[in-house]
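Comments concern the structure below.
Every value quoted in this text rests on a predicted model; they were computed, and no experiment measured them. In the text below, chain A, chain B and the rest are named by the order of the sequence lines, each starting its count at 1.
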Protein chains: 2
Amino acid sequence: MTVSMKDVALKAGVSIASVSRVISGKPGVGKETEKKIREVMDELDYRPNMGARGLVMKSTGNIAIVIPRGTFTLNNPFFSTVLEGIAKGLDKTDYNMVMSFTSLQQKRLLETQSVDGVILFAPRYKELKLEWLESIGLPIVVIGSYLEDSPFPCVRPNDEMGTKKAVEELYKLGHRNIGFINGPMDSMHSVKCLRGYKNTIESLNMEYTKNNVFEVGEFEIQARNQDLEKFLIENSRITGFVCSSDYLAIGLIKAAGKVGLKIPEDLSVVGLDDVPLSSHITPALSTVHVDLIGIGKRASAILINLLKGKQIRKKEIVFEMDFISRDTTGIVKD
Amino acid sequence: MTVSMKDVALKAGVSIASVSRVISGKPGVGKETEKKIREVMDELDYRPNMGARGLVMKSTGNIAIVIPRGTFTLNNPFFSTVLEGIAKGLDKTDYNMVMSFTSLQQKRLLETQSVDGVILFAPRYKELKLEWLESIGLPIVVIGSYLEDSPFPCVRPNDEMGTKKAVEELYKLGHRNIGFINGPMDSMHSVKCLRGYKNTIESLNMEYTKNNVFEVGEFEIQARNQDLEKFLIENSRITGFVCSSDYLAIGLIKAAGKVGLKIPEDLSVVGLDDVPLSSHITPALSTVHVDLIGIGKRASAILINLLKGKQIRKKEIVFEMDFISRDTTGIVKD
DNA sequence: CTGAAAGCGCTTACAG
DNA sequence: CTGAAAGCGCTTACAG
């Protein structure tokens with residue numbers, strides 16, 4: 001029983017075409033006619049049907065935000081912060097954001113012409129096959145890294161350089177045995193961070209050993225807390241840790257406390273990304289900052305341009321990262 | 001140039017009706033015909049158009065998640081946690097979730113027949129008028145409190161009781177001067193928490209005074225940190241604080257550290273809601289737990305029922321809360 | 001400035 | 001089991 005254009009046209013004594021014109025602000029309607037139509041629209045409380053419009057215009061007005069599945073990651077402030085950027089970017093446009101968390105939702109969303117474009121959040125190749133992504137024929141921009149040479153434009157932090165800066169900072173503070181807490185290696189992010197860690201360790205003439213690396217199954221802090229504690233006890237030679245995400249760093253701080261290590265007196269900790277929360281916890285987290293909101297905004301801007309049919313020049317936008325010293329890093333004890 | 005039913009019908013040498021039937025799993029298609037159609041669909045890489053389907057079925061397959069605007073609140077783990085519950089609940093269904101953060105997005109989403117139903121997150125009357133909500137004629141369920149007697153089904157934590165439990169717990173630990181950190185009073189949540197705080201203070205024969213209440217403009221920790229520090233210094237008689245959200249409690253802990261108060265030795269802090277993060281920070285936050293994921297799931301379940309046309313019996317689902325003692329509460333010093 | 005008509009991609013009685 | 005046809009609510013040439 002919703003009122004359609006037909007209803008207002010009938011009541012206003014004009015054609016559907018005229019109604020359509022005033023609604024979409026197209027020229028070619030007389031002042032008087034327009035006024036009449038607007039009145040009737042108000043009276044009838046007319047609400048345009050975007051679906052019908054989309055059918056003829058061949059657009060949905062929706063863009064998909066695809067979040068990696070597995071452990072739910074929206075709790076990870078990294079995602080919510082970038083999401084904030086996306087929301088801000090999209091807010092100036094007429095697009096809605098449709099979220100997708102599971103592979104079921106992804107299929108439903110991406111294979112049913114329900115969206116005009118998609119933003120892929122730190123996609124893992126294991127979960128999102130390139131072939132499938134290309135087959136859906138939608139404009140895609142990825143946030144973070146996907147494949148080493150993906151065909152999609154991407155905007156990402158310079159993780160490798162960020163990790164490098166973190167390691168160098170600890171080195172400057174006198175640390176010579178620097179550990180690394182990393183996420184799962186099926187994430188390109190982890191691969192790049194590890195690369196940055198390893199290269200920097202070696203270029204500073206420290207010894208790289210797998211024993212100094214603790215790999216978590218997910219970018220979640222809960223995961224493997226017991227193991228992490230054990231790792232800390234067994235590797236007491238390590239005086240400082242770099243973590244490939246702030247969230248991981250928070251977990252490390254927790255585990256350190258459990259086994260009686262004081263931060264930063266006994267152990268220095270550096271995160272990665274600088275999510276808003278990191279400056280608000282106690283002790284405030286030393287980390288490597290990157291403009292996460294900017295990344296989200298930029299990604300949405302690129303997608304919008306793609307949607308407008310504009311050619312984009314740069315396939316890859318890299319955001320630089322900068323070390324921020326807060327309260328979890330200190331000079332190494334003798 | 002996307003392929004439509006017409007294309008597959010043509011190529012398969014059958015009618016559009018038959019194609020439609022096999023796609024929606026309707027009976028009345030011969031085995032052979034179906035096989036042929038499926039083959040052609042594969043061959044042509046056919047993708048159904050949900051928009052077109054929605055037009056005739058009068059449904060969109062989308063449900064709107066409306067988040068309060070103002071300061072972006074997705075960073076608040078309360079929201080992301082409940083959102084996780086909603087996502088889980090919706091995952092079993094065929095609905096997509098469309099997010100809306102700003103009033104612009106809300107209008108666009110809710111006034112254009114773009115969604116079948118809406119979940120309202122802790123709506124504030126100031127921002128979301130009842131009249132407007134009713135005029136859009138969509139099934140609505142609210143999470144948290146809206147108006148004291150809203151017409152929409154709602155699922156919410158028992159905030160009043162939760163605050164009560166927090167105050168009582170501090171009382172048991174010997175605290176006789178208990179402060180309260182609250183969110184903005186235009187949020188029903190704040191109103192109820194304050195009520196719980198005040199009533200409990202009085203029923204325990206302590207003196208209720210506005211001076212012990214610190215009100216933050218938003219449920220954000222960043223806001224007014226300076227003022228909070230000043231407040232702590234000027235009110236050193238207060239030995240324990242209840243906060244109307246964990247996020248606020250984290251901010252309080254930070255401020256306390258800044259002014260040299262040790263937790264829990266000098267000051268006890270209790271949060272509200274028990275977001276996942278609360279157990280992972282250092283010190284782990286004592287708080288009042290509620291099943292946030294359950295709330296999200298329940299809300300989506302109710303909305304789905306509404307969408308199916310089922311009558312719902314209970315207008316209000318209240319989740320009980322339980323105090324959890326962790327590391328931010330202690331016996332009061334003499 | 002205005003309207004009749006075709007068409008977007010689908011579903012669903014209706015008739016065979 | 002199968003198909004022709006009407007219709008969902010819109011937009012847009014086309015003709016006046």
What's the [atom1]-[atom2] distance between [X] and [N], to the nearest Å?
{"X": "B:Lys36", "N": "D:dT2", "atom1": "NZ", "atom2": "C1'", "answer": "17 Å"}
{"X": "A:Lys58", "N": "D:dT12", "atom1": "NZ", "atom2": "P", "answer": "12 Å"}
{"X": "B:Glu34", "N": "D:dC1", "atom1": "CD", "atom2": "C1'", "answer": "12 Å"}
{"X": "A:Gln113", "N": "C:dC8", "atom1": "CD", "atom2": "P", "answer": "13 Å"}
{"X": "B:Met41", "N": "C:dG9", "atom1": "CE", "atom2": "P", "answer": "16 Å"}
{"X": "A:Met50", "N": "D:dC10", "atom1": "CE", "atom2": "P", "answer": "10 Å"}
{"X": "A:Met57", "N": "D:dT11", "atom1": "CE", "atom2": "P", "answer": "7 Å"}
{"X": "A:Asp7", "N": "D:dG9", "atom1": "CG", "atom2": "P", "answer": "8 Å"}

Could you tell me whether the phosphate oxygens of [N], OP1 or OP2, come under 4.0 Å of any side-chain nitrogen or oxygen in [X]?
{"X": "B:Thr33", "N": "D:dT2", "result": "yes"}
{"X": "B:Lys31", "N": "D:dC1", "result": "no"}
{"X": "A:Lys6", "N": "D:dC10", "result": "no"}
{"X": "B:Ser18", "N": "D:dG3", "result": "yes"}

May I ask you to decide if the ring planes of A:Tyr125 and A:Tyr146 are parallel, tilted or perpendicular, using 30° and 60° as cut-offs?
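Because their plane-to-plane angle lies in the 30° to 60° range, the rings of A:Tyr125 and A:Tyr146 count as tilted.
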Side chain of [X] only, please: which of [options] is the nearest?
{"X": "B:Ser15", "options": "C:dT11, D:dG3, D:dG9", "result": "D:dG3"}
{"X": "A:Asn49", "options": "C:dC10, D:dC10, D:dA4", "result": "D:dC10"}
{"X": "A:Met5", "options": "D:dG3, C:dG9, D:dC10", "result": "D:dC10"}
{"X": "A:Ser24", "options": "D:dT2, D:dT11, D:dA13", "result": "D:dT11"}
{"X": "B:Ser20", "options": "D:dT11, D:dC10, C:dT12", "result": "C:dT12"}

Paired stems touching DNA chain D, three or more consecutive Watson-Crick or G-U pairs with both distances under 3.5 Å?
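Detected stem regions: C:1-3 with D:14-16, C:5-12 with D:5-12, C:14-16 with D:1-3.
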Please tabulate the protein-to-nucleotide N/O contacts below 3.5 Å involving nucleotides 5-7 of chain C, giving atom names and distances.
none

Less than 4.0 Å between a side-chain N and a carboxylate O, is that true for B:Glu34 and B:Arg21?
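Salt bridge between B:Arg21 and B:Glu34, a charged N being under 4.0 Å from a carboxylate O: no.
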With no hydrogens and no angle check, is any side-chain donor or acceptor of B:Gln113 less than 3.5 Å from a backbone partner on A:Arg47?
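Judged by distance alone, yes, a pair lies under 3.5 Å.
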NA contact type, A:Pro48, heavy-atom cut-off 4.0 Å: base, sugar-phosphate, or nothing?
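Sugar-phosphate: the residue A:Pro48, judged by heavy atoms under 4.0 Å, touches backbone atoms but no base.
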Could you check whether B:Gly28 gets within reach of a base, just the sugar-phosphate, or nothing at all, counting any heavy atom under 4.0 Å?
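Base, at least one base atom sits under 4.0 Å.
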Pairs meeting criterion salt bridge (charged side-chain N to carboxylate O under 4.0 Å, His left out) with involvement of residues 98-121 of chain A, two or more places apart:
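As it turns out, the salt bridge (charged side-chain N to carboxylate O under 4.0 Å, His left out) pairs with a partner in residues 98-121 of chain A, which skip direct neighbours, are A:Lys107-A:Glu111, A:Arg108-B:Asp94.
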